[in-house]
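The structure displayed is predicted, hence computed values, not measured ones. Reminder, nothing fancy here: chain letters follow the sequence lines and each chain counts from 1.
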Amino acid sequence: MPSKYEPRKIENHWYNYWMEHNYFHSTPDNREPYTIVIPPPNVTGILHMGHMLNNTIQDVLIRRARLMGKNACWVPGTDHASIATEAKVVAKLKEEGIEKADLSREDFLKHAGDWTHEYGGVILEQLKKLGCSCDWERTKFTLDDDMSESVISAFVDLFNKGLIYRGYRMVNWDPEAQTTLSDEEVIYEEKQGLLYYLAYKIEGSDETITIATTRPETILGDAAICINPNDERYSHLKGKRAIVPICNRVIPIIEDGYVDVEFGTGCLKVTPAHDINDKALGEKHNLETIDIFNADASLNSFGLHYEGKDRFVVRKEITKELEESGFLVKTEQHINKVGTSERTKAVIEPRLSDQWFLKMEDLAKPAIKSVLEDGEVKLYPKKFENTYRHWMENIRDWNISRQLWWGQQIPAYYFGDGQNDFVVATTPEKALEAAKIKSGNANLSIKDLRQDEDVLDTWFSSWLWPISVFNGVLEPENKEIEYYYPTNDLVTGPDILFFWVARMVVSGYEFRDERPFENVYFTGLVRDKQRRKMSKSLGNSPDALKLIEDYGADGVRVGLLLSSAAGNDLMFDEALCQQGKNFANKIWNGFRLLKGWEVEDLPQPEASKLGIAWYNAKFNKTLEEIENHFSKYRISDALMAIYKLVWDDYSSWLLEIVKPAYQHPIDKISYEAIIHIFEQNLKLLHPFMPFLTEEIWQHIEERSPEEALVVSKWPSFVKFEESLIKDFDFAAEVISGIRTIRKEKNIPMKEYLELSILNGEKVAKDWDVVISKLTNLSSISYVDNAVDGALSFRVKSNEYFIPMSGAIDVDAEIKKIQEELKYTKGFLTSVQKKLSNERFVNNAPEQVIALERKKQADAEAKIETLEKSLVSLT
RNA sequence: GGGCCCUUAGCUCAGCUGGUUCAGAGCACCUGCCUUACAAGCAGGGGGUCACUGGUUCGAACCCAGUAGGGCCCACCA
């Protein structure tokens, strides 16, 4: 057996083994279900650190649930990610010299489908490398036929309920992807820009009026100049008209309290087509709306000689022209917030267009109540409830249409040119039926129907995910959905709280009248050591598969989990994976030790018996802690508790206690107990380190497939004697004291020491055998007086002596004791002060007072011991 | 502009209901060990005015107020 654990050799083997025996597959049965739906990654994405963290946590939860005898079901899948994927496909086609505009919708979808086939699902294969125990037979893709049908059916349902409407609104336009975006998909960034002061001539006079704008290129779409009615500087201009520079259009000067007299010059230009506020002003004052942009945000014919040029190019050029013709008064530095597309990074343009919206206000109500009042859905960490509340209570209608092809096409069918000449139906056939009725024209045919060109927002499919993966939209009463829904835990990043989590809660109540999940665990962002976000452009994101190669999947899992409290960002450092790998190796070697033992029918040494009894107590105490951590989703704390249990308590203490002398056999009773203990440890470790633990488990003895660790049983808590742990801790202090003396005096381990013990701390002497074994003592004796010519140390009020041949530095001993004495006296004083404070004695709970009394007694006893020693030394 | 959160050892973070010797853990660091499971290891050790100021309390890392610094979310001010 190699002395180093070699993960590469065994990981694939065990993953295949688990798959062959179908351990990850779940079907409804009598057991309690435990369900997680994966946050579906982009179908063409590759595994990054965020996925690794996120899915490791899910796997820990699901594997633990499986061990606890629940029917664990983890549904994997991918998301079609319409904007991102379509953008990638468009770019790829462009490279091949094909323009999207030259393709038919069908051809484009075929290209996109092929692309998805080629790259899609890579990420799922990578999850397998990480050890994720998903039920792969259930793998879903948000564009699968049944998933799409669910989406369409949900759309029709909401439309029929009057919750979906079509509206001509100002929306966020991504000129690069040439689609609208929801408000959530727009990211505002502060950018240093300029505030341009432009002078407009007043009609029929030489006077000018100066406005301030950040967007001089939009003057060609101006519909008015607006002043504050209370602003006396401009009151003489009321009712007059101004002339827009360059295009020389005459526009009214209007008044509105909206204008802030403090900002800029106190008057502004109104461009209803290109600003949401201006649009409101335009409607209020009945202004003309002049859209000067094309879909790609280049100027159209209203742009005159700038037609065809991008808005940012025009901004520069028009500034120059305005300057040359004297309209530009001045410019000022100005920081403004610029909206950019989450996906393409393009600067967003507000744009008026026909879009589909979902009314959110009423839908949000049960979702607000559920999370914030009833606690039916719990967020971890809790602080996200505030964010959730704020968004939900100020929710706005959701723009669900996208001007893309890659996605579910909106099931609206137009039969005429009028505003209302359309019907909504799940299929063209049904649409035709409806259209015949609505139009009153029984001769309509399918050919007369035009389906809406737009597709639905990707999130409009993923918000149904926990329901649709179990076909709960199309068949609301099927066995699967009734069994698995509501799911238990959701693990995801806080960045999609609004996009996805909140909307799933909404859809859960709308479509099933029930929460979609009980607990939401938000992971933090994975950052690099310098706290920078991991990103492709920075190149600071390590290659996930390479990490698994280098440290083993278990090592990486442990590394990621060790320092990632829920909701806290994780500063990733490969050293963490190294720690995980070291831990794996530690466990591996613990196993090698057991394997090397020869077992015989011998009487069990007292030390082993005690050690084992103690460890069992310690194990159960730790198990209690672990359960507590899990119940609060403190996954890294749970792991750390196991880490210390296995490394410190099991390896460093227990194994040393029971380890037989070199080339001696171990007694059978101890051996069997240790094997059992080791197996219990492996069970606790399994959710975190599935590969290593299964490998060892199967090496301990021959196991049938049913006996695999992955489907074994999580240890159940057994009551334990606290006193065992206390006694051990005391003994451990004594051992540590002796080791310190060995170290200070450079006494090799091989050399025997004698130990004399003075005094009466009521400590079980049983542990003497353990102390003796771990510190190599030739004898232990109890004495009534301090021992001369010995080094000493104290634990509580016990004093320990180790006689030394050769000179003892008495002065040093005295000094040491005096220091301890000083400290203890100081401590005693503080305790006494507390106890003599009447208000403390009267107000503090009895327990606390009793404890202080105990502290006092302990300190007094210790002082007595110390003083006696001093006397005997001097 | 509004809201939320954070500041504890060199680093990353626990510290749950104010009260156990409460000032902790892991890593890093220092010292000594190739001791026959493991140097990816063993044993031992150092290290913090709990951001600052004030208040409440018998008692504060923990509660309250303010100050400084950091972060996140939301919002249409040209």
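- Taking the side chain of A:Val848 as heavy atoms from C-beta on, and the options B:G19, B:C58, B:G26, the nearest nucleotide is B:G19.
- Closest to the A:Asn386 side chain, of the nucleotides B:G41, B:G19, B:C4, is B:C4.
- Residue-to-nucleotide contacts include no donor-acceptor pair under 3.5 Å from the side chain of A:Asn837 to the base of B:C58.
- Judged by distance alone with a 3.5 Å cut-off, a donor-acceptor contact links the side chain of A:Lys632 to the base of B:C16.
- Comparing the C1' positions of B:G71 and B:U53 gives an interatomic distance of 23 Å, to the nearest angstrom.
- The base of B:U35 does not come close enough to the side chain of A:Lys750 for any donor and acceptor atom to sit less than 3.5 Å apart.
- Counting distance only, with no hydrogens placed and no angle test, the side-chain atoms of A:Lys383 and the base atoms of B:C4 include no donor-acceptor pair under 3.5 Å.
- Regarding contacts with the backbone of B:C42, every side-chain N or O of A:Arg742 stays at 4.0 angstrom or more from both OP1 and OP2.
- Checking B:G45, B:A40, B:C13 against the side-chain heavy atoms of A:Met571 singles out B:C13 as nearest.
- Between A:Ser651 and A:Lys644, it is A:Lys644 whose nearest contact on RNA chain B lies nearer the 5' terminus.
- Just one of A:Phe498, A:Trp391, A:Phe522 meets the ring pair (Phe, Tyr, Trp, His ring centres under 6.0 Å) condition when paired with A:Phe384; it is A:Phe522.
- In this structure, the CG atom of A:Leu835 is 14 Å from the P atom of B:U20, given to the nearest Å.
- No donor-acceptor contact under 3.5 Å links the side chain of A:Glu656 to the base of B:A43.
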